[in-house]
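Below: one structure, written as structure tokens.
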There are 2 protein chains.
Amino acid sequence: MKSKKIDWDKAKQLCEGLTEEQDALTRELVSRIADKWSLWTMAVLAEAGAALRFSRVMEHVEGISQKSLTKTLRGLERDGLVTRKVFAEVPPRVEYEITDFGMELLDQVAPLWAWVAQSVNMFQHARTKFDRG
Amino acid sequence: MKSKKIDWDKAKQLCEGLTEEQDALTRELVSRIADKWSLWTMAVLAEAGAALRFSRVMEHVEGISQKSLTKTLRGLERDGLVTRKVFAEVPPRVEYEITDFGMELLDQVAPLWAWVAQSVNMFQHARTKFDRG
DNA sequence: CAGTATCCAGATCGATACTG
DNA sequence: CAGTATCGATCTGGATACTG
């Protein structure tokens, strides 16, 4: 248990300064990070580096349904992580783009994701051992 | 879009080197982090700094049901994040303790959590604006 | 094209009751 | 004490069909 406690204590301290509503929102936002599609969708928009139409996004996020993509994008828009721009044309055109804030979130998530990916062998080993015993 | 891309690219690169099974496991582990009870349970054990009985854990993780706590602890044990020790006594005693690996995970999550907690006002503002417009 | 509306199957979780 | 078993409410997400 000789792990550096600094970061964790800082997080704990920050959480204690939050109202109940803010605490609930924090949990909700962390949940979004683990959401099946949200991170992937943001990554697609980040890699594009430009605004993408609904159908382009759907092509890149393999396996997502129209319904889920709509819901995902609305959620991201609501939190200011992507922008949604509707063009008054026929046929309709809607473009999505990641915000600076969204990019910032990706940057925050990256180290954790990288650690998990690096640790995946250890988890695999732990599970094999557990499932045998 | 002048965000540093280093971390994200590193994460992306790592993910591409994973097998399909490992990729699925990575997603599963990230999901655990956002799980309603897992992080909280680990935090309780981390703060205790010692082994805790099932009922003690349940007292500290407010609002959790017996069923959910059992499931949560089993999952954490399976991934090597906590240990479970059964004592052959009457009445039965079972003690749970966080592992070094579990502490490491908490440390990895802490910066992200802190960032979200710090950004919570920005999210709140974004939502209010969105919900009005 | 970019959705919305509807239906439906599976997972999840709390409450409750029971057991070694 | 530390679970397991079961039931029911809720939520999620895909498939499909329809629309401005």
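Being a predicted model, the structure only gives us computed values, none of them experimental. So that the names make sense, note that chain A is the first sequence line, chain B the second, and so on, each numbered from 1.
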Counting heavy atoms from C-beta on, name the nucleotide in [options] closest to the side chain of [X].
{"X": "A/Ser55", "options": "D/dG3, D/dA17, C/dC1", "value": "C/dC1"}
{"X": "B/Lys71", "options": "C/dC13, C/dG14, D/dG13", "value": "C/dC13"}
{"X": "A/Arg53", "options": "D/dT4, D/dG14, C/dC1", "value": "C/dC1"}
{"X": "A/Pro92", "options": "D/dT4, C/dG3, D/dG20", "value": "D/dG20"}
{"X": "B/Phe54", "options": "D/dA2, D/dG14, D/dC1", "value": "D/dA2"}
{"X": "A/Lys67", "options": "D/dG14, C/dC1, C/dC13", "value": "D/dG14"}
{"X": "A/Ser65", "options": "C/dC13, D/dG14, C/dT4", "value": "D/dG14"}

Which nucleotide, in any strand shown, forms a Watson-Crick or G-U wobble pair with C/dG20, with both distances under 3.5 Å?
->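 Looking at the geometry, C/dG20 pairs with D/dC1.
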
Mate of C/dG14 where both pairing distances stay under 3.5 Å, Watson-Crick or G-U | D/dC7

When all nucleic acid strands are considered with a 4.0 Å heavy-atom cut-off, which category describes [X]: base, sugar-phosphate, or nothing?
{"X": "A/Gln66", "answer": "base"}
{"X": "A/Arg56", "answer": "nothing"}
{"X": "B/Tyr96", "answer": "sugar-phosphate"}

Any chance the side chains of A/Glu104 and B/Trp115 put a donor and an acceptor closer than 3.5 Å?
->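 Their side chains do contain a donor-acceptor pair, which is all the 3.5 Å distance test asks for.
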
Side chains of A/Arg84 and A/Leu73: closer than 4.5 Å at any heavy-atom pair?
-> no

To the nearest Å, give me how far apart [atom1] ([X]) and [atom2] ([N]) are.
{"X": "A/Leu69", "N": "C/dC1", "atom1": "CG", "atom2": "P", "result": "14 Å"}
{"X": "B/Arg84", "N": "D/dG3", "atom1": "CZ", "atom2": "C1'", "result": "8 Å"}
{"X": "A/Arg74", "N": "C/dA2", "atom1": "CZ", "atom2": "P", "result": "12 Å"}
{"X": "B/Glu95", "N": "D/dA2", "atom1": "CD", "atom2": "P", "result": "9 Å"}

For [X] and [Y], which heavy atoms make the closest approach, and how far apart are they?
{"X": "A/Ala51", "Y": "A/Glu95", "result": "CB-OE1, 3.5 Å"}
{"X": "B/Gln22", "Y": "A/Val120", "result": "O-CG2, 3.6 Å"}
{"X": "B/Val82", "Y": "B/Leu45", "result": "CG1-CD1, 3.7 Å"}

Starting at the 5' end of DNA chain D, which residue's closest nucleotide do you reach first, B/Thr70 or B/Pro91?
->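 Residue closer to the 5' terminus by nearest nucleotide: B/Pro91.
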
